[in-house]
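In what follows, a structure is listed as structure tokens, so that the remarks can point back to it.
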Amino acid sequence: MLSKARSALRQAFRFTATGLTLGKKWRLALPGPILSVGGVLIHNVFLKYYTDIIGLSPKYVAWVYIIYNIWNAINDPVLGVWIDRMRHRAHRGKYVYIMRVTVPFMIVASFLMMLSNPAWDQWLIFLLYTGLLFIYDTAATAYSIAYQSLSASDSRRALSIPL
């Protein structure tokens, strides 16, 4: 009974028509939800943390997000063009390499955001939060572009559509 259920479940998720292995499907599918969770943590949870726990004044939070949105409007197209123009290197790839390099920056920046102290001056908290958000967003943008490009190129390759 258990083996039949396991076999039925495995067959339901086989999707052999794409030509992708199960491991490759997992590697392509897992970063998407993690990017969503990361965005929620950075822009919702940390916003609440900095205003309610750390005590950062709402006027400073407003400035953080004004600066963040200006930077976001600039870095998204710039990073997209930069990644598109990068050469593919056989020994390290292109998109996976960018994803591997950016993840540590995202993890360290989000960890360091938790270390702010309510006893610090408002300007120091503002500068720390702004700087770390800048680092996180730049890395997350590069990661997201590389992930989407990798997913699109793997899908086209699996369907034998020329790149």
Side-chain angles (χ1 to χ4, degrees), residues 1-54 61 64-65 68-69 71-116 128-129 131-163:
M1 178 79 170
L2 185 59
S3 65
K4 283 185 178 183
R6 186 176 20 193
S7 176
L9 187 62
R10 187 177 295 149
Q11 190 64 27
F13 289 98
R14 184 151 286 172
F15 304 119
T16 54
T18 62
L20 299 173
T21 66
L22 182 61
K24 191 155 206 158
K25 290 174 194 174
W26 277 104
R27 284 190 298 276
L28 288 173
L30 284 179
I34 293 168
L35 281 174
S36 297
V37 169
V40 168
L41 283 175
I42 294 300
H43 299 295
N44 296 343
V45 174
F46 277 130
L47 187 62
K48 181 85 169 149
Y49 173 72
Y50 270 88
T51 55
D52 293 357
I53 308 297
I54 300 300
V61 173
V64 166
Y65 276 91
Y68 164 78
N69 283 319
W71 171 245
N72 200 29
I74 295 167
N75 86 334
D76 285 8
V78 168
L79 285 175
V81 169
W82 175 68
I83 290 171
D84 281 346
R85 291 184 177 176
M86 276 182 71
R87 288 183 311 131
H88 179 274
R89 297 196 173 122
H91 65 282
R92 71 174 189 197
K94 179 177 175 178
Y95 302 124
V96 174
Y97 174 74
I98 292 169
M99 293 166 68
R100 287 181 179 156
V101 168
T102 56
V103 166
F105 286 100
M106 293 165 54
I107 292 170
V108 169
S110 56
F111 174 75
L112 290 176
M113 282 188 214
M114 294 185 292
L115 300 181
S116 292
L128 179 77
Y129 187 35
L132 292 173
L133 191 60
F134 167 84
I135 293 168
Y136 179 88
D137 180 64
T138 303
T141 299
Y143 184 95
S144 177
I145 292 168
Y147 170 68
Q148 291 172 6
S149 298
L150 178 68
S151 299
S153 66
D154 280 349
S155 296
R156 285 190 298 261
R157 196 174 303 117
L159 297 173
S160 298
I161 298 172
L163 295 173

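Since the model is a prediction, treat every value here as computed from it, not as a measurement. Atoms considered below: every heavy atom in the structure, side chains included; atoms not considered: hydrogens, waters and symmetry mates.
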What are the two closest non-hydrogen atoms of Ala109 and Ile135, and how far apart are they?
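It is CB-CG2, 4.0 Å.
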For Thr138 versus Asn75, what's the shortest heavy-atom pair and its separation?
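Smallest heavy-atom distance, with atoms named: CA-ND2, 3.6 Å.
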Gap separating the [atom1] atom of [X] from the [atom2] atom of [Y], nearest 0.5 angstrom:
X      : Y      : atom1 : atom2 : result
Leu128 : Leu115 : CG    : CG    : 8.0 Å
Asn72  : Thr141 : CG    : OG1   : 5.5 Å
Met114 : Leu41  : CE    : CG    : 9.5 Å
Phe46  : Ile54  : CZ    : CD1   : 10.0 Å
Tyr97  : Met86  : OH    : CE    : 7.0 Å
Asp76  : Asp137 : CG    : CG    : 6.5 Å

Out of Ile42, Val64, Val61, Asp52, which residue meets the side chain to side chain contact (heavy atoms under 4.5 Å, CB included) rule with Leu47?
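Of the listed options, the one satisfying the test is Val61.
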Hey, does the side chain of Lys48 reach the backbone of Ile53 with a donor-acceptor pair shorter than 3.5 angstrom?
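Between the backbone of Ile53 and the side chain of Lys48 there is no qualifying donor-acceptor contact (under 3.5 Å).
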May I ask you to decide if Ala146's main-chain N or O and Lys94's side chain share a donor-acceptor pair within less than 3.5 Å?
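Not confirmed, Lys94 side chain does not pair with Ala146 backbone.
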Which word best sums up how the rings of Tyr143 and Tyr147 line up, parallel for under 30°, tilted for 30 to 60°, or perpendicular for over 60°?
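Parallel.
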Assess the residue pair Ser116 and Tyr50 against the criterion (side chain to side chain donor-acceptor pair (under 3.5 Å)); give the C-alpha distance rounded to whole Å, side-chain angles, the decisive distance to 0.1 Å, and a yes or no.
CA-CA 8 Å; Ser116 292; Tyr50 270 88; 2.7 Å; yes
Hey, does Tyr49 have a side-chain heavy atom less than 4.5 Å from the side chain of Met113?
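No - every pair of side-chain heavy atoms lies 4.5 Å or more apart.
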With heavy-atom distances below 4.5 Å as the criterion, would you say the side chains of Gln148 and Ser144 are in contact?
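With C-beta onward as the side chain, the pair touches.
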For Phe105, does the CZ atom have more than 12 heavy-atom neighbours from other residues, nucleotides or ligands under 6.0 Å away?
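No.
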